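Just below is one structure, and these are the notes that go with it.
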Amino acid sequence: MTRNVVISGGGTGIGLAAARAFAADGDRVLLLGRRRDVLEKAQVAGALVYAADLAEPEEVRGVREFVAAELDGRVDVLIHSAGGNGGLEPRAESADPLDVVAREWTVNFRINTLTAALLTEGLREHLASPGGRVLFLSSIAAYRGSGSGAYGAAKAALHPYAHDLARDLGPRGITVNVVAPGYTEDTEFFGAGMPAERRAARIAETSTGRAGTPEDIAGTLHWLASPGAGHITSQVIQVNGGAVRGC
C-alpha cells in the first residue's frame with residue numbers, strides 16, 4: 001500500500017535523504033520547509049511541497065488543510081527533520097550578554113522543539129490508526145552538550161515529548177521514536193563547513209572511523225517506519241558511529 005509520508009525540513013540534508021528513500025518505495029511524500037525554492041529544487045520523484053514556518057500556529061493550520069485536501073487526510077509517517085543550528089539564524093540586535101543568551105535559547109527552541117510539537121499536534125488526528133509512525137530528529141548534543149547548551153537542550157526536550165506521545169498514541173497502534181545522529185556531513189548544519197582539524201577530531205571519536213551521512217540517518221528512519229519495527233516505540237536510537245556508547 002502506498003503510504004503518505006510528511007517530512008519537515010525535507011528540502012536538504014537528512015530530510016531530503018529520507019524523502020528519497022521513501023519515494024523509492026513508491027510512497028507519496030510531502031516536503032515541508034520555510035524555503036519554497038529549496039523544496040521545489042529537491043529531486044524527489046512525485047513529491048508534493050508546501051512552504052511554511054512550522055513555528056507559527058497559523059502556518060501549521062495551513063499544512064493541516066493541505067494534508068486534508070491533498071493526502072486524503074491521512075499521514076502514515078511523520079518525520080521531523082526541520083531545525084538545525086540556531087547559531088546560523090539572525091543574531092540578537094543588542095550586544096548585551098543577556099539579550100544574546102535570550103536570543104540563542106529562544107531561537108534554538110523555536111526551530112528545533114516548537115516546530116516539531118506544533119506540527120505533531122496539528123496532524124495528530126490525521127495519523128494513520130493503526131500503523132502510523134512519528135519520528136523525531138534529536139542529536140548527539142542532547143547527550144553531551146553543544147557548547148552554549150541551547151541547541152543540545154532544545155533537542156533533548158524532544159525525548160520526553162516523544163515518550164509522552166508514545167504512551168498517548170500507542171492505543172491507536174502508532175509508534176513514536178527518536179533518532180539522535182552524531183556528526184553528519186553534507187547537511188547545512190555547519191553553514192559554510194567545518195574546519196579540517198575539528199572535522200578530524202569528530203571522526204576520531206567514532207569507532208567506525210568516518211563521518212555519518214544523511215543516508216545513514218535516513219536508513220534508520222526508514223527502518224523505524226517499516227512493519228518490522230512495529231513493536232519499537234518510545235526509544236531514542238543513536239546513529240553516531242560509536243562516538244557516544246550505549247544509552
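Heavy-atom basis, side chains included; hydrogens, waters and symmetry copies ignored. Model, not experiment: these values are computed from the prediction.
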For this session: Would you please name every residue forming a ring pair (Phe, Tyr, Trp, His ring centres under 6.0 Å) with Y183, sequence neighbours left out?
Result: F190
Problem set entry | Inter- and intrachain pairs under ring pair (Phe, Tyr, Trp, His ring centres under 6.0 Å), touching residues 26-71, at least two apart | Y50-F66
Problem set entry | Salt-bridge contact D53-R110 (side-chain N to carboxylate O under 4.0 Å) | yes
Exercise. Restricting to pairs with a member in residues 140-158, which pass salt bridge (Lys or Arg N to Asp or Glu O under 4.0 Å), not counting sequence neighbours?
Worked result: R144-E205
Exercise. Listed by chain and number, what are the ring pair (Phe, Tyr, Trp, His ring centres under 6.0 Å) partners of H222, not counting sequence neighbours?
Worked result: F22
Exercise. Listed by chain and number, what are the salt bridge (Lys or Arg N to Asp or Glu O under 4.0 Å) partners of R64, not counting sequence neighbours?
Worked result: none
Exercise. What pairs meet the salt bridge (Lys or Arg N to Asp or Glu O under 4.0 Å) rule with one or both residues in residues 127-142, with sequence neighbours excluded?
Worked result: none
For this session: Only counting residues at least two apart or in another chain, list the ones meeting ring pair (Phe, Tyr, Trp, His ring centres under 6.0 Å) with F136.
Result: H80, Y161
Exercise. Atom CG of L123 and atom CG of L30: how far apart are they, to the nearest 0.5 Å?
Worked result: 9.0 Å
Problem set entry | Residue pairs passing the salt bridge (Lys or Arg N to Asp or Glu O under 4.0 Å) test where at least one lies in residues 175-187, sequence neighbours excluded | E185-R199
For this session: Go through the structure and list residues passing side-chain hydrogen bond (donor to acceptor under 3.5 Å, both in side chains) with H126, not counting sequence neighbours.
Result: none
Seminar exercise, completed: Besides V101, the hydrophobic cluster formed by Ile, Leu, Val, Met, Phe, Trp and Tyr side chains linked at under 4.5 Å, directly or via other members, contains W105, F109
For this session: Please list all pairs passing the side chain to side chain donor-acceptor pair (under 3.5 Å) test where one or both residues lie in residues 224-235, with sequence neighbours left out.
Result: H163-S234
Problem set entry | Sequence neighbours excluded, every pair satisfying salt bridge (Lys or Arg N to Asp or Glu O under 4.0 Å) that has a member inside residues 213-228 | R210-D216
For this session: Would you name the heavy atoms of G10 and L39 that are closest together and state the gap between them?
Result: C-CD2, 4.4 Å
